[in-house]
Amino acid sequence: MPQLETVVAEIAAEMAARPDRGTVATYIPELGRVDPNQFAIAVALEDGSTVCGGDCGTSFSIQSVSKVFTLTLALGLAGDRLWNRVGREPSGSRFNSIVQLEQERGIPRNPFINAGAIAVTDTILSGHQPREALGEILRFLQFLADDDGVHIDRAVAASEERSGFNNRALANFMKGFGVIENTVDYVLGVYFHHCAIAMTARQLAKAGSFLAHQGRNPATGHSVVTAERARRINAIMLTCGHYDGSGEFAYRVGLPGKSGVGGAILAIVPGKASVAVWSPGLDASGNSHLGRIALEKLTARMGWSVFGAPTMADG
Ligand code: DON
């Protein structure tokens, strides 16, 4: 097997040279201002070290990757009762689609599509002020990354507050079905702000590390969730983490992963590593174009797919 350091450096160089960079999301205007010519990769390992390449120290908007962490928090608060209000099946539709919600009486298909993540945020908000709930989410990420530098990009949050008409429709629709408990504006305020959390690739890889190691963060020794819960969150990432692109991501990369429209992807190599990639240009499903390609190269070269390592016959 090649050295991880070499593979990471090669991938960073290959990605920097590629002309195809995807398209930066513009429906949140502030995200449209990000330079697409950026790429970062960080791999957090069991010994607590991190191997990085590219723009690893640059903070980016984690957007939907935050949904992995809000799901973890909500499961901690509500346990399996969470599944009464959110499903765990792939949706096969876009991340912000409203069509299934009517047919399925306001119960979102899974916690990673926008409707599902809004219902998860509602669970975290119950019994709290929006400011407290948001503080809880931010501190959880700082604790996981072991880094107080994780912060909220207020300009991105304000930009989504002004432009989030689709999410307002989803949240009001669910409220109409009695699926949302709290005031819609409060739920959305917390949701927009947790999507606007900004992290570097290194911080994000470290934050996801507990999912690669049976619920325990190997860098800090903190037990975050049970091994069973970590396994289940990984399963939902594999089946739903890339929306209508989840099948393609499993086929090409072969890892549980969660993408965000800021261009980040968190991918988990169970028992081995937590990987964060970031490149702002997106593909047609709204997932990072170069991020996905980089992960495909990483898993192929390191033999890290959960579906088995490549053999000589693969060519
Ligand atoms: O709610 C939204 O539309 C964004 N804050 C997050 C969407 C997102 O990241 C989808 N991921 N690829």
Side-chain angles (χ1 to χ4, degrees), residues 22-34 36 60-71 86 90-98 101 108-122 134 137-138 141 152-174 180 184-185 187-199 204 236-237 239-249 253 256-267 276-292 295:
T23 313
V24 174
T26 50
Y27 77 98
I28 301 173
E30 196 65 22
L31 293 182
R33 294 156 47 106
V34 179
F60 49 81
S61 190
I62 66 169
Q63 291 297 322
S64 287
V65 182
S66 63
K67 297 171 182 175
V68 173
F69 304 103
T70 50
L71 172 64
V86 189
S91 69
S93 45
R94 279 191 70 75
F95 63 88
N96 56 3
S97 170
I98 201 166
L101 267 187
R109 269 290 172 98
N110 67 63
F112 292 155
I113 53 172
N114 285 5
I118 292 167
V120 165
T121 303
D122 182 55
L134 185 60
I137 298 168
L138 179 62
L141 272 160
I152 293 170
D153 186 329
R154 302 272 165 192
V156 171
S159 183
E160 193 169 7
E161 289 263 21
R162 287 192 294 270
S163 58
F165 303 109
N166 210 307
N167 284 325
R168 288 218 154 73
L170 293 170
N172 279 298
F173 204 63
M174 287 190 287
I180 296 289
V184 163
D185 280 347
V187 179
L188 287 173
V190 177
Y191 172 80
F192 292 147
H193 281 79
H194 78 60
C195 287
I197 288 175
M199 300 174 80
L204 184 57
I236 300 169
M237 288 171 75
T239 51
C240 310
H242 283 70
Y243 316 105
D244 46 341
S246 297
E248 185 70 4
F249 188 81
V253 176
K258 182 74 211 79
S259 67
V261 286
I265 302 176
L266 173 67
V277 289
W278 168 62
S279 183
L282 309 179
D283 63 19
S285 301
N287 303 313
S288 177
H289 174 66
L290 291 186
R292 199 265 293 147
L295 285 171

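Atoms within a ligand are numbered from 1 in the order they appear, just like the ligands themselves.
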As an exercise, state the distance from OG1 of Thr70 to CG of Asp122, rounded to the nearest 0.5 Å.
12.0 Å

CZ (Arg33) with more than 12 external heavy atoms under 6.0 Å
no

side-chain contact (heavy atoms from CB on, under 4.5 Å) with Leu71: which residues, sequence neighbours excluded?
Leu75, Leu82, Trp83, Pro111, Phe112, Ile233, Ile236

With a 4.5 Å heavy-atom cut-off, do Leu31 and Ser61 have their side chains touching?
yes

Check: every ligand 1 N/O to protein N/O pair under 3.5 Å:
{"unit_1": "ligand 1", "atom_1": "1 (O)", "unit_2": "Asn114", "atom_2": "ND2", "d": "3.1"}
{"unit_1": "ligand 1", "atom_1": "1 (O)", "unit_2": "Glu160", "atom_2": "OE2", "d": "3.1"}
{"unit_1": "ligand 1", "atom_1": "1 (O)", "unit_2": "Asn167", "atom_2": "ND2", "d": "2.8"}
{"unit_1": "ligand 1", "atom_1": "1 (O)", "unit_2": "Tyr191", "atom_2": "OH", "d": "2.6"}
{"unit_1": "ligand 1", "atom_1": "3 (O)", "unit_2": "Tyr27", "atom_2": "OH", "d": "2.5"}
{"unit_1": "ligand 1", "atom_1": "3 (O)", "unit_2": "Asn114", "atom_2": "ND2", "d": "3.0"}
{"unit_1": "ligand 1", "atom_1": "5 (N)", "unit_2": "Gln63", "atom_2": "OE1", "d": "2.6"}
{"unit_1": "ligand 1", "atom_1": "5 (N)", "unit_2": "Glu160", "atom_2": "OE1", "d": "2.9"}
{"unit_1": "ligand 1", "atom_1": "5 (N)", "unit_2": "Glu160", "atom_2": "OE2", "d": "2.8"}
{"unit_1": "ligand 1", "atom_1": "9 (O)", "unit_2": "Ser64", "atom_2": "N", "d": "3.1"}
{"unit_1": "ligand 1", "atom_1": "9 (O)", "unit_2": "Ser64", "atom_2": "OG", "d": "2.5"}
{"unit_1": "ligand 1", "atom_1": "9 (O)", "unit_2": "Val261", "atom_2": "N", "d": "2.8"}
{"unit_1": "ligand 1", "atom_1": "11 (N)", "unit_2": "Ser64", "atom_2": "OG", "d": "3.4"}
{"unit_1": "ligand 1", "atom_1": "11 (N)", "unit_2": "Tyr243", "atom_2": "OH", "d": "3.3"}
{"unit_1": "ligand 1", "atom_1": "11 (N)", "unit_2": "Val261", "atom_2": "N", "d": "3.4"}
{"unit_1": "ligand 1", "atom_1": "12 (N)", "unit_2": "Val261", "atom_2": "N", "d": "3.4"}
{"unit_1": "ligand 1", "atom_1": "12 (N)", "unit_2": "Gly286", "atom_2": "O", "d": "3.1"}

With sequence neighbours excluded, what pairs up with Phe173 under the ring-ring contact (aromatic ring centres under 6.0 Å, His included) test?
Phe177

Taking only residues two or more places apart in sequence or in another chain, which ones pass side-chain hydrogen bond (donor to acceptor under 3.5 Å, both in side chains) with Arg154?
none

